[in-house]
Amino acid sequence: VQLVESGGGLVQAGGSLSISCEFSGRTLRDFRFMGWFRQAPGKEREFVSAISGSGGRTYGADSVKGRFTISRDNAKNTVYLQMNSLKPEDTAVYYCVAGTSLILSSVRFASAYEYWGQGTQVTVSS
């Protein structure tokens, strides 16, 4: 299984950016949850958002609710993160993740996900 992120870059505060994660080796329905984590310099890796593998239910961190939207395209085997109203504190490396056996109460924990992408840098300038 491979997860390949793309779409990161530099954007001004208040702007928007969309990042993608293309899966290969398994289909999205093979996973219980897919999602995104991020890690800023000197900080712990933190949960951003997740989407269920079957029904498409979504979950997000309080810090991004109302600004970030996770979605999926089964035909393209790709998960997306649309980020609006970006803030400098959103600057981080964003990692795509997927898990086959985690339960709902674990979606916010990095250790629950077996598969990780290599990460894509998102930088928000003030």
Side-chain angles (χ1 to χ4, degrees):
V1 176
Q2 278 194 314
L3 283 59
V4 179
E5 300 100 334
S6 61
L10 174 65
V11 63
Q12 287 189 330
S16 298
L17 196 65
S18 180
I19 55 178
S20 304
C21 178
E22 185 174 1
F23 286 61
S24 61
R26 298 182 79 164
T27 69
L28 298 186
R29 291 191 178 91
D30 291 334
F31 299 97
R32 291 294 305 277
F33 290 95
M34 297 85 66
W36 296 90
F37 280 72
R38 67 186 182 186
Q39 188 166 21
K43 293 189 175 181
E44 296 286 323
R45 195 168 291 187
E46 65 171 345
F47 170 76
V48 176
S49 188
I51 187 168
S52 64
S54 57
R57 294 189 66 179
T58 63
Y59 309 88
D62 289 342
S63 59
V64 305
K65 280 184 179 177
R67 301 190 299 123
F68 290 12
T69 303
I70 188 171
S71 62
R72 54 189 283 177
D73 185 330
N74 291 338
K76 294 183 178 180
N77 226 30
T78 299
V79 174
Y80 304 93
L81 187 68
Q82 176 66 42
M83 302 179 288
N84 299 327
S85 302
L86 282 160
K87 304 174 182 180
E89 51 263 44
D90 294 318
T91 295
V93 177
Y94 283 71
Y95 296 92
C96 179
V97 299
T100 58
S101 59
L102 73 165
I103 58 177
L104 178 58
S105 60
S106 301
V107 293
R108 300 173 187 271
F109 296 95
S111 60
Y113 297 87
E114 305 106 283
Y115 302 103
W116 288 73
Q118 81 286 353
T120 187
Q121 177 71 46
V122 172
T123 303
V124 184
S125 63
S126 57

*Quick check: does any side chain N or O of Thr120 sit under 3.5 Å from a backbone N or O of Ser6, one acting as donor and the other as acceptor?*
no

*Compare all side-chain heavy atoms of Asp30 with those of Thr100 and state whether any distance is below 4.5 angstrom.*
no

*Any side-chain donor paired with an acceptor under 3.5 Å for Gln82 and Ser71?*
no

*Going from CD on Glu5 to CD on Gln121, what distance comes out if it is rounded to the nearest 0.5 angstrom?*
12.0 Å

*What's the shortest heavy-atom distance between Pro88 and Ala13, and which atoms?*
CD-CB, 4.1 Å

_CA sep, side-chain torsions, deciding dist, call: Asn74, Thr27, side-chain contact (heavy atoms from CB on, under 4.5 Å)_ = CA-CA 8 Å; Asn74 291 338; Thr27 69; over 6 Å; no

*asked:* In the structure I gave you, are the side-chain heavy atoms of Val64 and Arg38 within less than 4.5 Å of one another anywhere?
replied: yes

*Indicate, with yes or no, if Ile70 and Val48 share a hydrophobic cluster defined by side-chain heavy-atom contacts under 4.5 Å among Ile, Leu, Val, Met, Phe, Trp and Tyr.*
yes

_Within the 4.5 Å heavy-atom criterion, are Gln2 and Gln118 side-chain neighbours or not?_
no

*Which pairs with one or both residues in residues 63-94 pass disulfide bond (SG atoms under 2.5 Å apart), sequence neighbours excluded?*
none

*asked:* Apply the hydrophobic cluster definition, ILVMFWY joined by side-chain contacts under 4.5 Å directly or through others, and give me every member besides Val97.
replied: Phe33, Phe37, Phe47, Tyr59, Val93, Tyr95, Leu102, Leu104, Val107, Tyr113, Trp116

*Hey, quick one: are Leu3 and Leu28 part of the same hydrophobic cluster, counting side-chain heavy atoms closer than 4.5 Å, chains of contacts allowed?*
yes

_Ignoring hydrogens, what is the shortest heavy-atom contact between Leu81 and Ser49? Give both atom names and the distance._
CD1-CB, 4.2 Å

*Report yes if some heavy atom in the side chain of Val122 is under 4.5 Å from a heavy atom in the side chain of Asp90; otherwise report no.*
no

*Determine the minimum heavy-atom distance between Ser125 and Leu10, stating which atoms define it.*
CB-CD1, 4.3 Å

*Could you note down all residue pairs passing side-chain hydrogen bond (donor to acceptor under 3.5 Å, both in side chains) where residues 13-22 supplies at least one of them, sequence neighbours left out?*
Ser16-Asn84

_Where at least one partner belongs to residues 18-50, residue pairs that pass disulfide bond (SG atoms under 2.5 Å apart), sequence neighbours excluded_ = Cys21-Cys96

*Test item: Arg108 side-chain N/O and Ala50 main-chain N/O as donor-acceptor pair under 3.5 Å*: no

_Set of residues satisfying ring pair (Phe, Tyr, Trp, His ring centres under 6.0 Å) with respect to Tyr115, sequence neighbours excluded_ = Phe31

_So, using salt bridge (Lys or Arg N to Asp or Glu O under 4.0 Å) as the criterion, who are the partners of Lys65 when residues are at least two apart?_
Asp62

*For the pair Val1 and Glu114, evaluate side-chain contact (heavy atoms from CB on, under 4.5 Å) and give the outcome as yes or no after the intermediate values.*
CA-CA 10 Å; Val1 176; Glu114 305 106 283; over 6 Å; no

*asked:* Minimum heavy-atom separation for Arg72 and Ile51, please, with both atom names.
replied: CD-CD1, 3.5 Å

*Does Phe23 offer a backbone N or O that forms a donor-acceptor pair with the side chain of Asn77 under 3.5 Å?*
yes

*Would you say Ser52's side chain and Arg57's backbone share a donor-acceptor pair under 3.5 angstrom?*
yes

*Sub-4.5 Å side-chain heavy-atom contact between Trp36 and Ile19*: yes

*Under the side-chain contact (heavy atoms from CB on, under 4.5 Å) rule, what do Val4 and Ser24 come out as? Steps first, then yes or no, please.*
CA-CA 8 Å; Val4 179; Ser24 61; 5.8 Å; no

